[in-house]
Amino acid sequence: MLDLKLIRKNYEEVRRRLATRGEEYAKLLDRVYELDRKKREVQKRVEELRALLNRKSKEYGRLKREGKEDENLKRELSELKARLQELEEELRRLEEELNDLLLRIPNLPHPSVPVGRDESDNREVRRWGEPPKFDFEPKPHWELGEKLGILDFERAAKISGSRFVVKRGLGARLVRALVNFMLDLHGRRGYEEVYVPHLVRPEALIGTGQLPKFEEDLFKCERDDLYLIPTAEVPVTNLHREEILREEDLPLYYAAYTPCYRREAGSYGRDVKGLIRLHQFDKVELVKITKPETSYEELEKLVADAERVLQELELPYRVVELCTGDLGFSAAKTYDLEVWMPSYNRYREVSSCSNCEDFQARRMKLRYKTADGKKFFCHTLNGSGLAVGRTLAAILENYQQEDGSVVIPKALRPYLGGIDVIKPQKD
RNA sequence: GGAGGGGUGGCCGAGCGGACGAAGGCGCGGCGCUGGAAACGCCGUGUGCCCGUUUUACGGGCACCGAGGGUUCGAAUCCCUCCCCCUCCGCCA
């Protein structure tokens, strides 16, 4: 949520920066600005009227205790109250509309973010590793997985429909190995491991920015008014919602493994095959809660921590800085990590690391207090470290051999009882 | 699912129609005591919003005792609805 005071004070600048995400947001901002002006006007009148009513009411009480009831005053009070109630109703409507609109305005991009329309304007920051060269035609991971008997899309569809997968045998064990490997790695780098609920209340989703705007993307348990988490970012960042943390406790580092559930509405026909886009996938998520002064250095460190996973798995990747038009709703700045995928002959996203500054903190009233008692909103950051399914896909594709077998990355072998290669099942 | 008990300031906890932004304690800040500290004593210490000014401060106003509605001239306090938490029983991995 943007700071209304900032909108009032630096209207033109906010409008200009917001417009780099798309013109429509500038128009939204215009409505917010006007609504805010009107709201304050009505609020002022309401408060004046209420002050008058309070004063006269006290006066009435005093008289009554002295045994001097004043029927005229009583009538006057009733009339005042009736007028006040009308005005209050108007104020309530204005506040509601203003608040709803405000929750639908995305975060301001950081000044360093390249201005652009979409994915094609993102800026490559660096590359690591060499894409492998094959002297045969590399197969896509779903073919490899099915041949190896570790991925079963057909049976998944039977029980749950499209965009689900069953992993079996070494496929299932690889997921467990990857999760453990990632959590161990991040644990050593100072992240506290947390295990969190996968069903959350609407307030939590408002806090991180998925609601009210992106209801369509979520699975909802209607009866209980709970949502399946689309990312661990939601429960983890909300751990401290409405809290006032102590300055000396910051920054906080968390790492969580959770499954993630996404409806993928509007992505029909995209990535219909394989592990890339599923309704349910596994992810290890990193979350940081920091002071404003340090959030950008913390972002760089967060990216480095996510990169470390790919480096240890020896998977070639690149780091991309998202442009304004491609930036997520809550993010002020985002780096994506993209891993090399031979069958696509391109890099594909396995991690997205964002600094949300105080955008989420404001929505969830997450603050910290300095030694002298001043309170400020925290900054929140999150990043995948990493998306497990896509990492598994990348391993299958990058480590494949001509006979369809797949070599296990060295870093993972201790987690798989020393197994160093998966061979196709004989049929 | 059944029965009961609760939700009050950063935290604990009292209040149960006006004198209540709310006792007391803890915590925090200041001062005193001390060689220094602990203990002790005294003083201070909520948040949000709106308006104004001499605009990182001060003054005024309004709101806030889980949320929303109601009764009343007046509600933390009475009534209704909802939400949440806890305990016991049932069910259950």
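In what follows, chains carry the letters A, B, and so on, assigned in the order in which the sequence lines appear, proteins first and then strands, with residues in each chain numbered from 1.
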Compare side-chain N and O positions of A:Lys369 against OP1 and OP2 of B:rC28 and report whether any pair is under 4.0 Å apart. no
For a quick test of reading the model: is some side-chain N or O of A:Lys375 closer than 4.0 Å to OP1 or OP2 of B:rU47? yes
More than 12 heavy atoms of other groups within 6.0 Å of [X] [atom1]:
X: A:Arg8; atom1: CZ; result: yes
X: A:Glu89; atom1: CD; result: yes
X: A:Lys365; atom1: NZ; result: no

Suppose you measure atom [atom1] in [N] against the same atom in [M]; what distance do you get, rounded to whole Å?
N: B:rU56; M: B:rC62; atom1: P; answer: 26 Å
N: B:rC83; M: B:rA67; atom1: C1'; answer: 7 Å
N: B:rG15; M: B:rG7; atom1: C1'; answer: 15 Å
N: B:rG44; M: B:rG9; atom1: C1'; answer: 16 Å
N: B:rC16; M: B:rG35; atom1: P; answer: 48 Å
N: B:rG74; M: B:rU81; atom1: C1'; answer: 23 Å
N: B:rG46; M: B:rC42; atom1: C1'; answer: 22 Å
N: B:rA22; M: B:rA37; atom1: P; answer: 34 Å

For A:Arg367, report the nucleic acid contact type (base, sugar-phosphate, nothing); a contact means any heavy atom under 4.0 Å. sugar-phosphate
Would you give the length of the straight line joining atom CD1 of A:Ile150 to atom CD1 of A:Ile422, rounded to the nearest 0.5 angstrom? 4.5 Å
Measuring from A:Leu416:CG to A:Leu178:CG, what's the distance to the nearest 0.5 Å?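 Here the interatomic distance stands at 8.0 Å.
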Take atom [atom1] of [X] and atom [atom2] of [N], then tell me their distance rounded to the nearest Å.
X: A:Glu203; N: B:rA67; atom1: CD; atom2: P; value: 13 Å
X: A:Glu242; N: B:rG7; atom1: CD; atom2: P; value: 19 Å
X: A:Lys74; N: B:rU71; atom1: NZ; atom2: P; value: 14 Å
X: A:Glu88; N: B:rG68; atom1: CD; atom2: C1'; value: 14 Å
X: A:Ile244; N: B:rC28; atom1: CD1; atom2: P; value: 16 Å
X: A:Glu96; N: B:rA67; atom1: CD; atom2: P; value: 16 Å
X: A:Glu247; N: B:rG10; atom1: CD; atom2: C1'; value: 16 Å
X: A:Lys365; N: B:rG10; atom1: NZ; atom2: C1'; value: 17 Å

Under a 3.5 Å cutoff on both atom distances, Watson-Crick or G-U, what's the dot-bracket for RNA chain B ([ ] crossing, | other strand)? ((((((((.[[[..)..(.....]]]((((((.......))))))((((((((...)))))))).[[[[[..)....]]]]])))))))....
At under 4.0 Å between heavy atoms, which parts of nucleotides 49-65 of chain B does protein reach? Answer with one letter per nucleotide, 5' to 3': B base, S sugar-phosphate only, - none. SBS-----S---BBS--
Have A:Tyr227 and A:Gln210 got a donor and an acceptor in their side chains that come within less than 3.5 Å? no
Contacts of A:Phe329 that satisfy ring pair (Phe, Tyr, Trp, His ring centres under 6.0 Å) - sequence neighbours left out: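 Listed in chain order: A:Phe214, A:Phe359.
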Any idea how A:Tyr261 and A:Phe219 line up, ring-wise: parallel (<30°), tilted (30 to 60°), or perpendicular (>60°)? perpendicular
What residue among A:Glu95, A:Glu96, A:Glu88 forms side-chain hydrogen bond (donor to acceptor under 3.5 Å, both in side chains) with A:Arg92? A:Glu96
What pair of heavy atoms forms the shortest contact from A:Ile289 to A:Thr237, and how long is it?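 Nearest heavy atoms, A:Ile289 then A:Thr237: CD1-O, 4.5 Å.
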Of A:Ser78 and A:Lys58, the one whose closest nucleotide on RNA chain B sits nearer the 5' end is A:Lys58
